[in-house]
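Any value given below was found using the heavy atoms of this structure, including those in side chains, with hydrogens, waters and symmetry copies removed.
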Amino acid sequence: MLHWFQKQLITREAAERIDECAFWAIATFGAKPFWQHTQLILPNEQFFPDKVNGIEPMAQYVLARVAALSGVSDWPWQLRDGRRMGAEAPPILGLPVARRFETNAPAAAAYPVESEPRLPVPFVVDQARQPQDLVASLAHTCAQHMLWQSQETPPGGLVYFEPASEILAHFCGFGLMLTNTAYTYRGACGRSYNPRANRQASLSESESIYALALFCQLKSVPTKTVFQYLKPHLKNSYKVALKQVRDQERAQELIR
């Protein structure tokens, strides 16, 4: 109930960092793709129409949908079991980060073949039972690859790589599921809690709600659409975030 009396969901400084990073993400990864193609991705059959059985086939399907909805379906993605991956950096392939969704961008055949470098995307087997966590995790990983391929430094420097890539995933349209999975209640004594099934968020829940509100303001997404899928306990916070977005000078520059 206290949210009803709040004027800010997050500090002004935190909001300004998100606003700045959003401005940078839109400019760096294509204003045209953002304004003309990017949608708020919802966990429904409109965006994920197929029914897929099996853990790895489901992960492959979700990765394909995430890539398509981000406008990078022709990039050489490779799904891999996260338990068998090392910490090596992915290759730099000169991919067109600002030309997402374009039919005249380099075709898939121009990218490395199967035996050559590809972009590894780890998945966690346990997330197959929590589809929103799986979508959010893969969307964040794809955004990390997009940022890495750009070789651009996000606002705040490379130490801000993880949160900046999560903000980029928000502005590829996945903010609702990122917000829904930013925090997971562990349950009484942790009996129903499976840490392997939950994604590792780089933004706090409140920061994620603010980024979602900023995206929805920019894209004129009705609140009723958001509320249809947003977790109930987050709805009051979302209302506060909308008010804060409207009060933030940098956010208003983006909206105008």
So do [Y] and [X] actually touch side chain to side chain, heavy atoms under 4.5 Å?
X      : Y      : value
Pro163 : Glu207 : no
Ser165 : His140 : yes
Leu212 : Leu178 : no
Asn44  : Gln228 : no
Leu42  : Thr225 : yes
Lys231 : Gln132 : no
Thr141 : Pro120 : no
Val135 : Ile41  : no

Sole candidate of Tyr229, Phe215, Phe47, Phe174 that passes side-chain contact (heavy atoms from CB on, under 4.5 Å) when paired with Leu40: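 Filter result, single survivor: Phe215.
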Looking only at heavy atoms, what is the nearest atom pair of [X] and [Y], with distance?
X      : Y      : answer
Tyr160 : Pro155 : CD2-O, 3.1 Å
Leu168 : Ala143 : CD2-O, 3.5 Å
Leu119 : Pro91  : CD2-O, 4.1 Å
Ala98  : Glu102 : O-OE2, 4.5 Å
Ser73  : Ala68  : CB-CA, 3.8 Å
Lys235 : Leu230 : CE-O, 3.6 Å

Intermediate values then yes/no, side-chain contact (heavy atoms from CB on, under 4.5 Å), Leu234 and Glu205: CA-CA 9 Å; Leu234 301 177; Glu205 186 177 73; 3.4 Å; yes
Using atom types as modelled and distance alone, determine if a side-chain donor or acceptor of [X] lies under 3.5 Å from a backbone N or O of [Y].
X      : Y      : answer
Thr179 : Ser208 : yes
Gln78  : Arg118 : no
Gln149 : Leu93  : yes
Tyr61  : Asp50  : yes

Lys219, NZ atom: more than 12 neighbouring heavy atoms under 6.0 Å: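 Result for NZ/Lys219: enclosed.
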Residues forming a side-chain contact (heavy atoms from CB on, under 4.5 Å) with Pro232, sequence neighbours excluded: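 If we apply the side-chain contact (heavy atoms from CB on, under 4.5 Å) test to Pro232, skipping adjacent residues, there are no hits.
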Which residues share a side chain to side chain donor-acceptor pair (under 3.5 Å) with Thr28, sequence neighbours left out: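 Thr28 satisfies side chain to side chain donor-acceptor pair (under 3.5 Å) with Trp24 once adjacent residues are dropped.
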side-chain contact (heavy atoms from CB on, under 4.5 Å) assessment of Cys216 paired with Thr223: CA-CA 8 Å; Cys216 291; Thr223 297; over 6 Å; no
For the [atom1] atom of [X] and the [atom2] atom of [Y], what is their distance to the nearest 0.5 Å?
X      : Y      : atom1 : atom2 : answer
Thr181 : Gln130 : OG1   : CD    : 9.5 Å
Cys172 : Met146 : SG    : CE    : 4.0 Å
Ile26  : Cys21  : CD1   : SG    : 10.0 Å
Gln244 : Arg12  : CD    : CZ    : 7.5 Å
Lys243 : Leu9   : NZ    : CG    : 11.5 Å
Ile209 : Ser204 : CD1   : OG    : 8.0 Å

Partners passing salt bridge (Lys or Arg N to Asp or Glu O under 4.0 Å) against Lys51 (at least two apart in sequence or in another chain):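 Once residues adjacent in sequence are excluded, the partners of Lys51 under the salt bridge (Lys or Arg N to Asp or Glu O under 4.0 Å) criterion are Glu45.
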Non-neighbouring partners of Glu13 that pass salt bridge (Lys or Arg N to Asp or Glu O under 4.0 Å), sequence neighbours left out: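 With sequence neighbours excluded, Glu13 shows a salt bridge (Lys or Arg N to Asp or Glu O under 4.0 Å) to no residue whatsoever.
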Results of ring pair (Phe, Tyr, Trp, His ring centres under 6.0 Å) for Trp148 - residues two or more places apart only: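 For Trp148 there are no ring pair (Phe, Tyr, Trp, His ring centres under 6.0 Å) partners, ignoring immediate neighbours.
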Sequence-distant partners of Tyr238, ring pair (Phe, Tyr, Trp, His ring centres under 6.0 Å), two or more places apart: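 Tyr238 satisfies ring pair (Phe, Tyr, Trp, His ring centres under 6.0 Å) with Phe227 only.
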Step-by-step side-chain contact (heavy atoms from CB on, under 4.5 Å) determination, Leu95 to Asp74: CA-CA 10 Å; Leu95 299 167; Asp74 286 342; over 6 Å; no
Plane angle bin for Phe34 and Phe171 - parallel if under 30°, tilted between 30 and 60°, otherwise perpendicular: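 Ring orientation of Phe171 relative to Phe34: tilted.
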side-chain contact (heavy atoms from CB on, under 4.5 Å) between His170 and Leu214, worked out: CA-CA 10 Å; His170 269 268; Leu214 176 58; over 6 Å; no
Among Phe161, Trp75, Phe29, Trp77, the one residue meeting ring-ring contact (aromatic ring centres under 6.0 Å, His included) with His145: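 Exactly one pass, corresponding to Trp77.
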